[in-house]
Amino acid sequence: MRINDRYTFVLNYFQEHMPVAETELHYENTYQLLVAVMLSAQCTDKRVNLTTPAIFHKYPDIVTLSETDFDALFPLIKSISYPNSKARHLISMAQMVRNDFDGEIPMTVDELVKLPGVGRKTANVITSVVDHQPNMAVDTHVFRVSARIGLTNKATTVLAAEKQLIKHIPKELIHIAHHWLILHGRYTCLARTPKCEKCGLTEVCKYYQTLQKTATPS
DNA sequence: CTCCCGATAT
DNA sequence: ATATCAGGAG
């Protein structure tokens, strides 16, 4: 199957079968989204959502977050993955936004990645979700699902996967396709035990085809 | 490349 | 017991 036909099939499937794609991180503004995404590294959204209400109550904006210290913030995120790194990064991030960006969270990838704790994936999420810029954030789900269903061809790095996805997905669909891939990965195309019997993409899925070949006949 | 690093599913 | 979770820094 040609690569363009593959993309068309997958995007049409998501368009018709995926419910309204919304991020499951809870947030009410750009500041809260940035904090939530920074906390979500190697952690489930569900667990992040358990911790953010207390954080947003105690630190309602960049200024209050920039004025706190490690010992005050750490207890609020100690049950998240990598709490030490994330506590330090959150405070340093808020201080840099105040000092170098006039207190406003920047809205370009190049500026966002200068913030401590903010990498390319987080910067792509912020600019895509908040400003609808045609950027594709490649997280663990997007990377895995894209490889399995053949949207990315031999991409060994997230950057290579990002470039291929950007090249083939229409600009106006990129930010929603990002959510489609995440939700598909989270609820159907699971990392360890994918629910192929509930997936409508098996006919184009390279991973599924391989499973059929190697399956021991019963 | 390694390290960070708690909670949950399998 | 081990794999995985909206990754990033050194």
Side-chain angles (χ1 to χ4, degrees), chain A residues 14 18-28 30-52 54-55 70 73-97 106 109-133 135-148 151-152 155-162 165-166 174-197 207:
Chain A
F14 286 145
M18 194 66 77
V20 179
E22 292 182 37
T23 176
E24 295 199 344
L25 286 176
H26 297 165
Y27 63 94
E28 296 177 348
T30 303
Y31 159 72
Q32 292 188 1
L33 176 63
L34 178 56
V35 171
V37 175
M38 289 177 68
L39 288 174
S40 72
Q42 294 293 293
C43 188
T44 60
D45 283 12
K46 184 182 296 184
R47 176 135 297 276
V48 172
N49 288 335
L50 290 175
T51 72
T52 45
I55 297 173
F70 180 90
L73 177 58
F74 181 80
L76 300 183
I77 64 174
K78 61 177 169 50
S79 63
I80 295 266
S81 53
Y82 316 133
N84 286 285
S85 305
K86 287 174 180 175
R88 282 188 286 102
H89 290 154
L90 283 173
I91 296 170
S92 301
M93 176 278 291
Q95 292 173 345
M96 184 178 286
V97 171
V109 170
D110 288 345
E111 290 174 309
L112 281 165
V113 295
K114 293 177 182 175
L115 300 174
V118 179
R120 187 173 184 84
K121 179 262 172 178
T122 299
N124 280 333
V125 170
I126 301 300
T127 54
S128 172
V129 172
V130 175
D131 201 33
H132 285 201
Q133 293 175 31
N135 299 332
M136 173 61 73
V138 179
D139 59 42
T140 182
H141 295 305
V142 173
F143 188 79
R144 179 183 69 254
V145 172
S146 298
R148 284 180 175 172
L151 298 186
T152 52
T156 55
T157 68
V158 293
L159 189 58
E162 178 185 326
L165 291 165
I166 287 292
I174 288 178
H175 80 277
I176 190 159
H178 162 69
H179 284 131
W180 284 337
L181 290 166
I182 286 180
L183 294 174
H184 187 63
R186 187 178 295 166
Y187 297 116
T188 303
C189 195
L190 309 187
R192 272 195 276 183
T193 55
K195 302 179 178 178
C196 299
E197 71 281 3
Y207 178 85

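Quick caveat, the model's predicted, so the values are computed rather than measured. Chain identifiers are assigned alphabetically (A, B, ...) following the order of the sequence lines, protein sequences preceding nucleic acid strands; residue numbering begins at 1 within each chain. The figures here come from the full heavy-atom set of this structure, side chains too, leaving out hydrogens, waters and symmetry mates.
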Presence of donor-acceptor pair under 3.5 Å, side chain of A:His178 and base of C:dA6 | yes
Practice task
Rounded to whole angstrom, note down the P distance from B:dA9 over to C:dA6.
Solution key: 12 Å
Of C:dC5, B:dC5, B:dT10, the nucleotide closest to the side chain of A:Thr193 is B:dT10
Winner on side-chain proximity to A:Thr122, out of C:dG8, C:dC5, C:dT4, is C:dG8
To the nearest angstrom, the CE-P distance between A:Met93 and C:dA9 comes to 12 Å
Among B:dT10, C:dG7, B:dC5, the one nearest any side-chain atom of A:Arg192 is B:dT10
Separation of C:dC5 atom P from A:Phe143 atom CZ, nearest Å, is 12 Å
Taken to the nearest whole Å, NZ/A:Lys86 to C1'/C:dA6 is 10 Å
note: A:Ile80, atom CD1; C:dA6, atom C1'; distance rounded to Å ~ 12 Å
- Message: Need one value for A:Val125: base, sugar-phosphate or nothing, where a base atom within 4.0 Å counts as base even if backbone is also close, heavy atoms only.
- Response: base
Heavy atoms of A:Met96 and A:Lys114 approach each other most closely as SD-O, 3.3 Å
key: pi-stack flag for A:Tyr82 and B:dC5, centroid dist under 5.5 Å, interplanar under 30°   = no
Separation of C:dA6 atom C1' from A:Asn49 atom CG, nearest Å, is 11 Å
* What's the verdict on side-chain contact (heavy atoms from CB on, under 4.5 Å) for A:Leu151 and A:Leu181, showing C-alpha distance, side-chain angles and the deciding distance? -> CA-CA 11 Å; A:Leu151 298 186; A:Leu181 290 166; 4.1 Å; yes
Measuring to OP1 and OP2 of C:dG8, would you say a side-chain N or O of A:Arg120 lies under 4.0 angstrom away? no
Nearest-nucleotide check on DNA chain C, A:Gly185 vs A:Gly119; residue mapping nearer the 5' end is A:Gly185
Whole-Å distance, A:Tyr187 OH to C:dC5 C1', equals 12 Å
Just so I know, are the side chains of A:His178 and A:Val125 near enough to count as touching, which here means a heavy-atom distance under 4.5 Å? yes
Of C:dA6, C:dC5, B:dG6, the nucleotide closest to the side chain of A:Pro83 is B:dG6
Open item on the list: Are more than 12 heavy atoms, taken from residues, nucleotides or ligands other than A:Glu197, located less than 6.0 Å from that residue's CD atom?
Closed with: yes
For this session: Tell me what A:Lys46 touches on the nucleic acid: a base, only sugar-phosphate, or nothing, going by heavy atoms under 4.0 Å.
Result: nothing
Assign A:Ile182 to base, sugar-phosphate, or nothing according to its heavy-atom contacts below 4.0 angstrom with the strands shown.
base
I'd like the C1' distance from B:dC5 over to C:dT2, given in whole Å. 15 Å
Separation of C:dT4 atom P from A:Arg186 atom CZ, nearest Å, is 16 Å
Begin with the C-alpha distance, continue with both residues' side-chain angles, and end with the deciding distance and a verdict on side-chain contact (heavy atoms from CB on, under 4.5 Å) for A:Lys121 and A:Asn124. CA-CA 5 Å; A:Lys121 179 262 172 178; A:Asn124 280 333; 5.8 Å; no
Exercise for review: Indicate, with a heavy-atom threshold strictly under 4.0 Å, whether A:Leu115 touches base, sugar-phosphate, or nothing.
Suggested key: sugar-phosphate
query = On a whole-Å scale, what distance lies between the P atoms belonging to C:dA1 and B:dC4?
reply = 22 Å
What is the nucleic acid contact for A:Val142, judged by heavy atoms within less than 4.0 Å: base, sugar-phosphate only, or nothing? nothing
A:Phe70 CZ to B:dC4 P, in whole Å, measures 14 Å
- Item | Min side-chain heavy-atom separation A:Ser81-A:Lys86 under 4.5 Å | yes
- Task: Using only heavy-atom distances, decide whether a donor-acceptor pair under 3.5 angstrom links the side-chain of A:Arg47 to the base of B:dA7.
- Result: no
Assert: residue with more 5' nearest nucleotide on DNA chain B, out of A:Leu190 and A:Cys43, is A:Cys43
Side-chain atoms of A:Lys121 come closest, of C:dG7, C:dC5, B:dG6, to C:dG7
*Residue pair A:Thr52, A:Gln32: steps toward the side-chain contact (heavy atoms from CB on, under 4.5 Å) verdict*: CA-CA 8 Å; A:Thr52 45; A:Gln32 292 188 1; over 6 Å; no
* To do: Please determine if a side-chain N or O atom of A:His89 lies less than 4.0 Å away from the OP1 or OP2 oxygen of C:dA9.
  => no
Using a cut-off of 4.0 Å on non-hydrogen atoms, how would the nucleic acid contact of A:Arg144 be classed: base, sugar-phosphate, or nothing?
-> sugar-phosphate
Testing B:dG6, C:dA6, C:dA9 for proximity to the side chain of A:Ser79, the answer is B:dG6
